[in-house]
Amino acid sequence: MIRSELVQRLTDAHRDLTPREVELIVSTFFNEITDRLAAGGRVEIRGFGAFSTRSRDARTGRNPRTGESVDVDAKRVPYFKPGKEMRARLNV
């Protein structure tokens, strides 16, 4: 499912909201998760899962086209851990 499909499904389910209002809600939701992760925090949605970040150390990588070695800086990457209820629904 892509973002526009999510907005459409929510709009269909909640006829009292306009597509513009639903888009604002979805954007705010995703922006708040992103902002919290960028600040080094964690977001937990009970029954769904938890979003956090993990650190990756600097390393030497390889350019796949040329085979040349390149330095890859240390960085933080997003990580999602599904909740117990989600895992249970996926493994029925």
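Throughout, numbering of the chain's residues begins at 1 and tracks the sequence. What's counted below: heavy atoms across the whole structure, side chains too, no hydrogens, waters or symmetry copies.
Note: S52 OG to R76 CZ = 10.5 Å, rounded to the nearest 0.5 Å. The CD atom of E23 sits 9.0 Å away from atom OG of S4, with the distance rounded to the nearest 0.5 Å.
By the side-chain hydrogen bond (donor to acceptor under 3.5 Å, both in side chains) test, D12 is found to be paired with Q8, residues two or more places apart in sequence or in another chain being considered. In this structure, the side chain to side chain contact (heavy atoms under 4.5 Å, CB included) partners of F48, at least two apart in sequence or on a different chain, are I45, F51, F80, M86.
Hydrophobic clustering (ILVMFWY, side-chain heavy atoms < 4.5 Å, transitive): Y79 and V43 are in distinct clusters. Two different hydrophobic clusters hold L24 and V26 under the rule that ILVMFWY side chains link at heavy-atom gaps under 4.5 Å.
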- Which is it for L17 and T11 under the side chain to side chain contact (heavy atoms under 4.5 Å, CB included) test, yes or no, and what are the steps along the way? CA-CA 6 Å; L17 297 173; T11 302; over 6 Å; no

- Task: Decide salt bridge (Lys or Arg N to Asp or Glu O under 4.0 Å) for E5 and R3; before the verdict, give the C-alpha distance in whole Å, the side-chain angles of both, and the deciding distance to 0.1 Å.
- Result: CA-CA 5 Å; E5 291 172 335; R3 185 185 189 115; over 6 Å; no

- Run the numbers on V22 and L6 for side chain to side chain contact (heavy atoms under 4.5 Å, CB included), then give the verdict. CA-CA 9 Å; V22 172; L6 175 62; over 6 Å; no

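Ion pair R87/E85 not flagged as a salt bridge, since none of the NZ, NE, NH1 or NH2 atoms sits closer than 4.0 Å to an Asp/Glu carboxylate oxygen.
A heavy-atom distance below 4.5 Å is not found between the side chains of L37 and T34. Between M1 and R9, the closest side-chain pair of non-hydrogen atoms falls below 4.5 Å. Side chains of R62 and S69 form no contact here, defined as non-hydrogen atoms less than 4.5 Å apart.
Counted by atom type alone, R42 and T53 present zero donor-acceptor pairs between their side chains at under 3.5 Å.
When each of V72, D73, V70 is tested with R59 by the rule side chain to side chain contact (heavy atoms under 4.5 Å, CB included), just one qualifies, namely V72.
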